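Remember, it's a predicted structure, so these values are computed and weren't measured experimentally.
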Amino acid sequence: MQNELKQKRVLVVDDDRDFVKTLEVYLKYAGYEVSCAFGGLERSKSFASPIRQPSILDVMMPDIDGRRVVRYIREKMGDSTPVIIRRP
């Protein structure tokens, strides 16, 4: 019963605001709680949160390359945090 009350969470990081907002709509419809960041720098600033959540991120962002964000996630959150990398 506790698992039923726990909402699924996902983070979307991309510099394409239209893509992020569209994906947010679909994920919320599917029952996810969605956090959004519009670039790697914005996301790296919010890593103070200890909450592990799956992430969908763009590999080619102008401020921080998506691969660097993945390395940072792995260092700070551990290898068990799932990451999906999107290429335009």
Side-chain angles (χ1 to χ4, degrees):
M1 179 156 164
Q2 191 175 19
N3 286 340
E4 294 171 4
L5 298 176
K6 188 177 180 182
Q7 188 166 15
K8 301 175 285 188
R9 302 172 60 112
V10 68
L11 168 70
V12 180
V13 183
D14 201 306
D15 59 316
D16 181 343
R17 289 180 179 270
D18 291 335
F19 173 78
V20 172
K21 289 301 182 181
T22 300
L23 190 56
E24 179 183 27
V25 168
Y26 282 105
L27 289 168
K28 283 184 175 181
Y29 182 77
Y32 287 87
E33 179 182 329
V34 182
S35 300
C36 300
F38 301 104
L41 272 178
E42 184 177 331
R43 175 55 187 137
S44 62
K45 289 177 186 175
S46 62
F47 271 118
S49 169
I51 298 170
R52 292 182 184 176
Q53 57 188 331
S55 300
I56 300 170
L57 61 98
D58 182 3
V59 74
M60 297 175 64
M61 293 180 281
D63 54 0
I64 293 181
D65 182 274
R67 290 176 188 93
R68 288 180 61 196
V69 175
V70 171
R71 280 194 296 273
Y72 193 81
I73 289 171
R74 296 289 181 237
E75 289 172 6
K76 298 296 181 187
M77 303 297 204
D79 288 332
S80 63
T81 303
V83 177
I84 297 171
I85 297 181
R86 177 184 103 81
R87 288 184 59 185

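Atom CG of D58 is separated from atom CD1 of I85 by 9.5 Å, given to the nearest 0.5 angstrom. Between C36 atom SG and R17 atom CZ the span is 10.0 Å, to the nearest 0.5 Å. Taken from CD in E33 to CG in L27, the straight-line distance is 12.0 Å, to the nearest 0.5 Å. We find the CZ-CG distance between R86 and L23 to be 8.5 Å, quoted to the nearest 0.5 Å. Note that CG of D14 is 10.0 Å distant from CD1 of I56, once rounded to the nearest 0.5 Å.
When all heavy atoms are compared, the tightest approach of P54 to R9 is CD-O, 3.2 Å. The minimum heavy-atom distance linking A37 with V20 is given by the pair O-CG2, 4.5 Å. The shortest heavy-atom contact between V13 and M61 is CG1-SD, 3.8 Å.
Salt-bridge annotation for E75 and R71: absent, with no side-chain N of the basic residue lying under 4.0 Å from a carboxylate O of the acidic one.
Hydrophobic clustering keeps V12 apart from V25 (ILVMFWY residues linked when any side-chain heavy atoms are closer than 4.5 Å, directly or through intermediates). One hydrophobic cluster holds both V34 and I84 under the rule that ILVMFWY side chains link at heavy-atom gaps under 4.5 Å.
Annotation: salt bridge (charged side-chain N to carboxylate O under 4.0 Å, His left out) contacts of R67 (sequence neighbours excluded): D65.
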